[in-house]
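What follows is one structure encoded as structure tokens, with my remarks underneath.
Owing to the predicted nature of the structure, the values given are computational and were not obtained by experimental measurement.
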Amino acid sequence: MTAVLFDFSGTLFRIESVDAWLRAVLTEAGITLPEDELDETARALEAAGALPGGPEPQRVPGHLAELWETRDESSAGHRAAYTGLTRQVPLPDPGLYDALYERHRTPAAWTPYPDAAEVLGALRERGVRIGVVSNIGWDLRPVFRAHGLDRFVDAYVLSYEHGIRKPDPRLFARACAALDVEPAEALMVGDSRHADGGAAALGCRVHFVDHLPAGERPDALRPVMALVG
């Protein structure tokens with residue numbers, strides 16, 4: 001293997017909890033809610049699937065179904081889909097819906113998995129090229145820069161920039177082309193057997209990790225080193 005492709009959310013980084021996400025935005029807005037109301041609102045947002053990178057929606061409303069399916073193909077669609085889910089939950093100020101979306105795009109909302117820097121650095125030392133392939137509707141490069149991981153990444157291939165989302169093999173093909181490697185020389189590492197597993201159709205080897213809180217997954221990326229050889 002001469003290249004490793006990594007998914008972003010649930011693989012290299014973990015989004016903050018819905019509770020922390022809501023609390024951060026309320027604090028920034030200077031809004032205080034009784035603790036029981038705050039807890040109830042956080043549970044409702046979690047059930048709605050309103051936090052990108054967080055739990056999936058329990059139910060997608062009919063008027064959002066088509067938008068939800070294609071949300072990662074454009075920045076406008078991504079924003080509209082997630083703010084649409086958020087608007088199912090009553091909030092004390094209408095400005096909070098957009099503020100919540102903006103919060104999830106900030107580096108402060110994301111935590112690298114404990115072994116991410118170690119594994120990326122070791123791969124780089126071996127001369128392995130590294131790509132990030134993500135279904136996403138916004139530029140995640142500032143998150144990598146803020147957490148000191150950008151220096152390890154040779155190419156970012158983001159769905160909204162190409163109008164293609166995983167598991168479409170064309171997105172993985174663009175990543176391999178950006179790294180100047182053949183698919184058979186690349187390993188795709190991700191947490192979604194459906195989305196990330198699409199790399200296998202192109203001829204890439206695939207390895208899966210579990211999408212767990214960062215504190216509960218200290219070393220799941222380390223086996224990648226043995227797979228690369």
Side-chain angles (χ1 to χ4, degrees), residues 1-16 52-54 72 104-162 165-167 169 171-193 195-200 202-229:
M1 297 291 159
T2 59
V4 180
L5 310 176
F6 288 95
D7 174 50
F8 167 55
S9 176
T11 300
L12 291 176
F13 284 82
R14 170 77 178 201
I15 191 67
E16 64 190 341
D72 295 317
H104 103 275
R105 304 199 309 167
T106 65
W110 296 90
T111 300
Y113 280 96
D115 55 347
E118 170 195 338
V119 171
L120 292 176
L123 289 171
R124 196 61 181 268
E125 287 179 3
R126 292 189 188 184
V128 175
R129 296 182 66 77
I130 296 170
V132 173
V133 186
S134 178
N135 281 353
I136 199 165
W138 50 276
D139 186 5
L140 51 71
R141 295 172 183 85
V143 175
F144 279 77
R145 287 196 294 268
H147 289 281
L149 300 187
D150 180 67
R151 68 187 188 275
F152 301 125
V153 180
D154 296 294
Y156 295 90
V157 179
L158 310 180
S159 61
Y160 83 100
E161 293 181 337
H162 297 272
R165 67 187 187 278
K166 299 182 289 187
L171 198 65
F172 302 106
R174 294 190 184 188
C176 290
L179 297 176
D180 194 25
V181 299
E182 293 298 321
E185 300 172 339
L187 171 69
M188 176 67 206
V189 181
D191 67 298
S192 170
R193 281 162 173 74
D196 300 312
L202 189 67
C204 299
R205 189 172 179 182
V206 181
H207 176 69
F208 298 108
V209 294
D210 292 325
H211 190 158
L212 296 171
E216 297 176 19
R217 215 197 74 188
D219 55 8
L221 292 171
R222 289 178 184 163
V224 170
M225 302 305 301
L227 293 172
V228 171

Item to complete: Describe, in one word, how the ring planes of His104 and Trp138 are oriented to each other, choosing from parallel (under 30°), tilted (30 to 60°) and perpendicular (over 60°).
Response: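 His104 and Trp138: perpendicular rings.
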Where do [X] and [Y] come nearest, in terms of heavy atoms and distance?
{"X": "Ser192", "Y": "Phe208", "value": "O-CE2, 3.4 Å"}
{"X": "Asp191", "Y": "Gly10", "value": "CB-O, 3.7 Å"}
{"X": "Leu149", "Y": "Val153", "value": "O-CG2, 3.7 Å"}
{"X": "Val189", "Y": "Thr11", "value": "O-CG2, 3.6 Å"}
{"X": "Leu12", "Y": "Leu221", "value": "CD2-CD1, 4.0 Å"}
{"X": "His147", "Y": "Trp110", "value": "NE2-O, 3.0 Å"}

Heavy-atom check, side chain of [X] versus side chain of [Y], under 4.5 Å:
{"X": "Val224", "Y": "His207", "answer": "yes"}
{"X": "Leu123", "Y": "Met225", "answer": "yes"}
{"X": "Pro183", "Y": "Pro169", "answer": "no"}

Given the side-chain rings of Phe13 and Phe144, with only the six-membered ring counted for Trp, is the space between their centroids under 6.0 Å?
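Aromatic pair counts; centres sit under 6.0 Å.
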Working to the nearest 0.5 Å, report the span between CZ of Arg205 and CE of Met188.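 If I round to the nearest 0.5 Å, the distance is 14.5 Å.
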Can you tell me how far apart CG (Asp7) and OG (Ser134) are? Round to the nearest 0.5 Å.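 Result: 5.5 Å between the selected atoms.
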Does [X] use its side chain to pair, donor to acceptor, with the backbone of [Y] at less than 3.5 Å?
{"X": "Arg222", "Y": "Glu118", "value": "no"}
{"X": "Glu216", "Y": "Pro213", "value": "no"}
{"X": "Ser159", "Y": "Ile136", "value": "yes"}
{"X": "Arg165", "Y": "Asn135", "value": "no"}

Side chain to side chain contact (heavy atoms under 4.5 Å, CB included) evaluation trace for His211 with Ser9
CA-CA 8 Å; His211 190 158; Ser9 176; 3.9 Å; yes
Should Thr2 and Arg129 be marked as a side chain to side chain contact (heavy atoms under 4.5 Å, CB included) after you check the CA-CA gap, both sets of side-chain angles, and the distance that decides it?
-> CA-CA 6 Å; Thr2 59; Arg129 296 182 66 77; over 6 Å; no
- Query: Should Asp150 and Arg141 count as an ion pair when the cut-off is N to O under 4.0 Å?
  - Reply: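 No.
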Original post:
Looking at Asp139 and Arg105, does any basic side-chain N land under 4.0 Å from a carboxylate oxygen?
Top reply: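 Salt bridge: no.
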_Ring of Tyr113, cation from Arg217 - is the NZ or CZ under 6.0 Å from the centre and inside 45° of the axis?_
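Here Arg217 passes the 6.0 Å and 45° test against Tyr113.
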* Asked: Leu171 and side-chain contact (heavy atoms from CB on, under 4.5 Å): which partner among Val133, Asp72, Leu5?
  ->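 One option only clears the test, and that one is Val133.
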Just checking Asp219: does its CG atom have more than 12 heavy atoms from other residues, nucleotides or ligands closer to it than 6.0 angstrom?
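Result for CG/Asp219: enclosed.
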